[in-house]
There are 2 protein chains.
Amino acid sequence: MMSCEQARGADTPSPCPHARSREGCVDCKVRLLSICAALDAGELCELESLSHPACFEPRTTLFLQDEPAEIVYNVTDGVVRLYRLLPDGRRQIVGFALPGDFLGLSMADRFGFSADAVTRVTTCRFPREVFSAFVDTKPHLLRRLHEFASHELSLAQDQMVLLGRRTAEEKVASFLMSLRDRWARVTGASVTVPLPMGRQDIADFLGLTIETVSRTLTRLARERALLIVPDGVRLLDLPRLERLAVA
Amino acid sequence: MMSCEQARGADTPSPCPHARSREGCVDCKVRLLSICAALDAGELCELESLSHPACFEPRTTLFLQDEPAEIVYNVTDGVVRLYRLLPDGRRQIVGFALPGDFLGLSMADRFGFSADAVTRVTTCRFPREVFSAFVDTKPHLLRRLHEFASHELSLAQDQMVLLGRRTAEEKVASFLMSLRDRWARVTGASVTVPLPMGRQDIADFLGLTIETVSRTLTRLARERALLIVPDGVRLLDLPRLERLAVA
DNA sequence: CGCGAAACTTGACCTGTATCAATGTCGCAC
DNA sequence: GTGCGACATTGATACAGGTCAAGTTTCGCG
C-alpha cells in the first residue's frame with residue numbers, strides 16, 4: 001500500500017495495489033461491471049482496456065472545481081466527497097461517490113465541483129479524450145449517458161427539497177436511508193450503514209452543523225430508532241426512519 | 001385570448017393566440033430560434049414543424065410529478081414554476097422556466113417535478129415519441145442534450161449551495177442577480193428585474209418563508225441596494241448585490 | 001368609484017438550529 | 001501503559017428565521 005499517490009500533484013499515480021493480473025486491474029473490472037447505471041458490461045470491458053488505475057490516500061484531492069476536466073474517474077473502492085466552497089470557506093457537499101460511481105462524465109471542459117478522498121480510494125481513470133472518442137463510437141451510449149445525467153439531476157432536486165424544506169431530524173433520517181440503499185448495491189443489503197465520512201462531512205451535506213448532526217443521531221439512538229456503532233449506524237426502527245425520510 | 005386552455009385536463013389546447021401565419025406559430029419560432037442552449041437554429045426550424053402550440057392561464061398545471069412524460073414543452077412566453085411537494089404540503093420550487101426553456105428533455109418516462117403557469121404561458125409542445133425520434137436522427141444533438149443536462153446539474157448544485165449554506169439576504173440577492181441574467185437573454189439586459197412570481201414562490205424557491213422574503217427585500221430597499229417597483233425590483237447597488245450573491 | 005379578495009408588509013414573539021465552550025472517546029506513537 | 005491529536009458528544013446561550021396576527025396595498029370588477 002506504500003505506492004499510492006500520497007497527495008495531489010504526484011505525476012504518476014501508482015497502479016491499484018490489487019492490480020496484479022496480466023489482464024489489468026481485477027478489482028476495477030469487478031466494479032466496472034457490477035454497478036454503473038450508464039454503461040453495460042460489454043462496453044465496460046472494452047473501456048477497461050483504456051483505463052489507468054490510481055489510488056488516493058484519505059483527505060487527498062482527486063480534482064478541484066474549475067480545473068480542466070482532463071480525466072474521467074471510476075471509483076472502484078472507497079468513498080469520495082464532492083463539494084463546492086464559498087469564498088469565506090463555507091462548504092456544501094453536493095454528493096458522495098461510492099464504488100461504481102463515475103466522476104467527470106459531464107464532458108464539460110471543467111469540473112463543476114471539487115472531489116477528495118474520504119477513505120483510501122482506488123479508481124480507474126480514463127483520459128477525457130479517449131473516453132470521449134469511445135463514446136462517440138457508440139451513439140446509444142450517449143443516450144444512456146443523457147438518461148444518467150437526467151437521473152443525477154433528479155437526485156439533485158431531491159437534495160434541494162431536503163435542504164430547503166426539511167427539519168434536521170428528517171435530513172439525517174433521509175441521509176441514512178438513502179445511503180443504506182446505495183451501499184446495498186455495493187456490499188449487499190444490510191441494516192448496518194457504514195459512515196466512513198465524518199460528522200462534519202454529513203453536516204456539510206445536509207446543510208447543518210456538526211453539533212446538530214451529533215445531537216440528532218444521539219436523540220434517534222436514545223429513542224431506539226437506531227444504534228450508533230463504530231464507523232456507522234445500525235437502523236432499528238425502519239418504519240419510523242422511513243416515515244421521517246419520505247420522498 | 002378566450003381560447004386558451006383554462007385548466008388542466010382540457011383535451012385540445014388551443015393554438016397560440018398569436019399563431020396566425022400559415023407557416024405556423026410565429027412567436028414560437030422566435031423563441032425556439034433565440035435562446036435554447038441545447039439546439040441550434042436549423043434543428044429548431046425542423047423541429048418546429050412538429051410542434052403543437054398550447055397556452056395556459058395563470059395557476060393552471062402543465063403537468064404533474066410522476067405523470068407519464070408524453071410531451072416535451074418549449075416555453076415561448078411567460079413563466080412556469082417547477083416544484084416538488086412533500087406529503088404534508090411543504091413545497092420546494094426547483095426552478096422557474098422562462099421563455100426559450102424546454103421542459104421534459106430528460107427523456108425519463110415520468111416527469112420528475114410538477115409544473116404550473118405563473119403568468120399566462122404559451123408553449124410549443126412535441127409528442128415525446130416524435131421528439132425522441134427526431135433526436136435519434138441526429139447523434140450530435142444527443143451530445144448537445146447531454147451537455148445541456150450536465151449544465152442543469154451544475155445549476156442544481158449552485159442551488160444546493162444556496163439552500164444549504166447561505167443566509168436569507170444572500171439567498172435573495174443571488175436570486176435577483178441570477179434572474180436578472182436570465183431575463184437578459186429574453187428581454188435584453190436591464191437593472192429592472194421583473195418578478196412575475198409571487199413572494200410565496202420566491203420563498204419556496206429559496207427555502208425561506210414569505211415573511212422573510214418580504215422583510216429582506218424591504219431591508220435591501222431601505223438600505224438603497226434596490227427599489228421595489230410594481231411586479232419587480234430595480235437593482236441600485238449592483239456591487240453590493242454582487243458581493244452578496246458571490247458564486 | 002368603491003368593494004372585496006388576494007397579495008404583501010410589518011410587528012411581536014417563539015423556536016430550531018447555530019454558536020461557543022468544555023468534556024469525552026478513540027486510535028496511535030513511543 | 002501514557003500522552004497526544006483528531007473527532008465526537010454534550011451543555012449553555014444566542015440569534016436567524018419561523019410563526020402568528022394585524023394592518024396595508026393592489027387590483028379586478030361591478
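A note on names: the letters A, B, ... follow the listed sequences, proteins ahead of strands, and every chain is numbered from 1.
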All pairs passing ring pair (Phe, Tyr, Trp, His ring centres under 6.0 Å) where [range] contributes a residue, at least two apart:
range	value
residues 209-244 of chain A	none
residues 228-247 of chain A	none
residues 206-241 of chain A	none
residues 201-247 of chain A	Phe96(A)-Phe205(A), Phe175(A)-Phe205(A)

Salt bridge (Lys or Arg N to Asp or Glu O under 4.0 Å) involving Arg90(B) - partner list, sequence neighbours excluded: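 By the salt bridge (Lys or Arg N to Asp or Glu O under 4.0 Å) rule, Arg90(B) matches Glu170(A), Asp88(B).
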Using whole Å, report how far [atom1] of [X] lies from [atom2] of [N].
X	N	atom1	atom2	answer
Asp201(A)	dA8(D)	CG	P	9 Å
Met197(A)	dC7(D)	CE	C1'	15 Å
Asp231(A)	dG27(C)	CG	C1'	11 Å
Leu206(B)	dA16(D)	CG	C1'	15 Å
Arg59(A)	dG5(D)	CZ	P	15 Å
Leu195(A)	dC7(D)	CG	C1'	14 Å
Arg90(A)	dT19(C)	CZ	P	10 Å
Asp204(A)	dC7(D)	CG	P	13 Å

The criterion is side chain to side chain contact (heavy atoms under 4.5 Å, CB included); which residues satisfy it with [X], sequence neighbours excluded?
X	result
Leu85(A)	Tyr83(A), Arg91(A)
Asp158(B)	Arg84(A), Leu155(B)
Pro239(B)	Asp237(B)
Ser178(A)	none

Short N-O contact, Arg182(A) and Asp101(A), less than 4.0 angstrom: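 Here Arg182(A) pairs with Asp101(A) in a salt bridge, since their nearest N and O are under 4.0 Å apart.
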Could you label the plane-to-plane angle of the Phe63(B) and Tyr73(B) rings as parallel, tilted or perpendicular, counting under 30° as parallel and over 60° as perpendicular?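 Correct class here is tilted.
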Close residues, residues 208-226 of chain B, relative to DNA chain C [heavy-atom separation under 4.0 Å]: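 Result for residues 208-226 of chain B: Glu211(B), Ser214(B), Arg215(B), Thr218(B), sorted by number.
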Counting only non-hydrogen atoms, which of residues 159-176 of chain A are less than 4.0 Å from DNA chain C?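 The stretch gives Thr167(A), Ala168(A) as the residues lying under 4.0 Å from the strand, ordered by number.
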Only Watson-Crick and G-U wobble pairs, only distances under 3.5 Å, only runs of 3 or more: what stems does that leave for DNA chain D?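 When the pairs of DNA chain D are grouped into runs of at least three, the stems are C:1-30 with D:1-30.
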